[in-house]
Enquirer: 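One structure coming up, written as structure tokens, with questions to follow.
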Amino acid sequence: TERTLSIIKPDATRRNLTGKINAKFEDAGLRIVAQKRIHLTKAQAGEFYKVHAARPFYDELTTFMASEPVVVQVLEGESAIQKNRDVMGATNPADAAPGTIRAEFAESVGENSVHGSDAPETAKEEISFFFSGLELV
Ligand code: ATP
Ligand code: MG
């Protein structure tokens, strides 16, 4: 079993889609083992997405992520990192497979409803960015 970090982004929390999105994770066999709603500052969003600091969309991305509250959560299950990304669908909703979260809910390549860790090392880093050991059982 494996754990990964998931974020329900501001475009989705604003539209009250948290439950519909989490039903897709649960239907895929992922379990939500930690969860909280937070409002990131732009600096915190910038730190979280620092790997993208040189990209042209970095300012837009971090402004968006700090625009309204997000739900940060830890998903657990067999191959959770890949399974989460499969359920999310492609970054650009225009390319996302039918039935995926981004195909159904994302508004654009930037405002694409969810984030998911992309590898074991980043999953570990991203989980500890938001959750202390005491919050993880
Ligand atoms: P995430 O890391 O959020 O799970 P991802 O791994 O599918 O998404 P990345 O390439 O890591 O995609 O990009 C991180 C985020 O940056 C995207 O989810 C999206 O919100 C934003 N982004 C990526 N490409 C663009 C773009 N061309 N224009 C605007 N925003 C973008
Ligand atoms: Mg990514």
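Counting starts at 1 for both ligands and their atoms, in listed order.
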Enquirer: In chain order, what residues pass the side-chain contact (heavy atoms from CB on, under 4.5 Å) check against Asp118, with sequence neighbours excluded?
Expert: Arg85, Thr122
Enquirer: Tabulated below should be the N or O atoms of ligand 1 paired with protein N or O atoms at under 3.5 Å; can you produce that?
Expert:
from	atom 1	to	atom 2	distance (Å)
ligand 1	2 (O)	His115	ND1	3.0
ligand 1	3 (O)	Lys9	NZ	3.0
ligand 1	3 (O)	Tyr49	OH	2.9
ligand 1	3 (O)	His115	ND1	3.0
ligand 1	4 (O)	His115	ND1	2.9
ligand 1	4 (O)	Gly116	N	2.9
ligand 1	4 (O)	Gly116	O	3.4
ligand 1	6 (O)	Arg85	NH1	3.3
ligand 1	6 (O)	Arg85	NH2	3.2
ligand 1	7 (O)	Thr91	OG1	2.5
ligand 1	7 (O)	Arg102	NH1	3.2
ligand 1	8 (O)	Arg102	NH2	3.3
ligand 1	11 (O)	His52	NE2	3.0
ligand 1	12 (O)	Thr91	OG1	3.4
ligand 1	18 (O)	Lys9	NZ	2.9
ligand 1	18 (O)	Asn112	ND2	2.9
ligand 1	20 (O)	Lys9	NZ	3.1
ligand 1	20 (O)	Gly110	O	2.8
ligand 1	20 (O)	Asn112	OD1	3.4

Enquirer: Quick test of your reading of the model: are Glu121 and Lys124 salt-bridged, counting only N-O distances below 4.0 Å?
Expert: no
Enquirer: Indicate yes or no: at least one non-hydrogen side-chain atom of Ile7 is less than 4.5 angstrom from one of Met65.
Expert: yes
Enquirer: Only counting residues at least two apart or in another chain, list the ones meeting ring pair (Phe, Tyr, Trp, His ring centres under 6.0 Å) with Phe48.
Expert: His115, Phe129, Phe130
Enquirer: Considering only Ile, Leu, Val, Met, Phe, Trp and Tyr, and joining two whenever side-chain heavy atoms are under 4.5 Å apart, list the other residues clustered with Phe25.
Expert: Ile8, Leu17, Ile21, Leu30, Ile32, Val71, Leu75, Val87, Met88, Ile101, Phe105, Val114
Enquirer: Looking at Asp86 and Lys24, is any side-chain nitrogen of the basic one under 4.0 Å from a carboxylate oxygen of the acidic one?
Expert: no
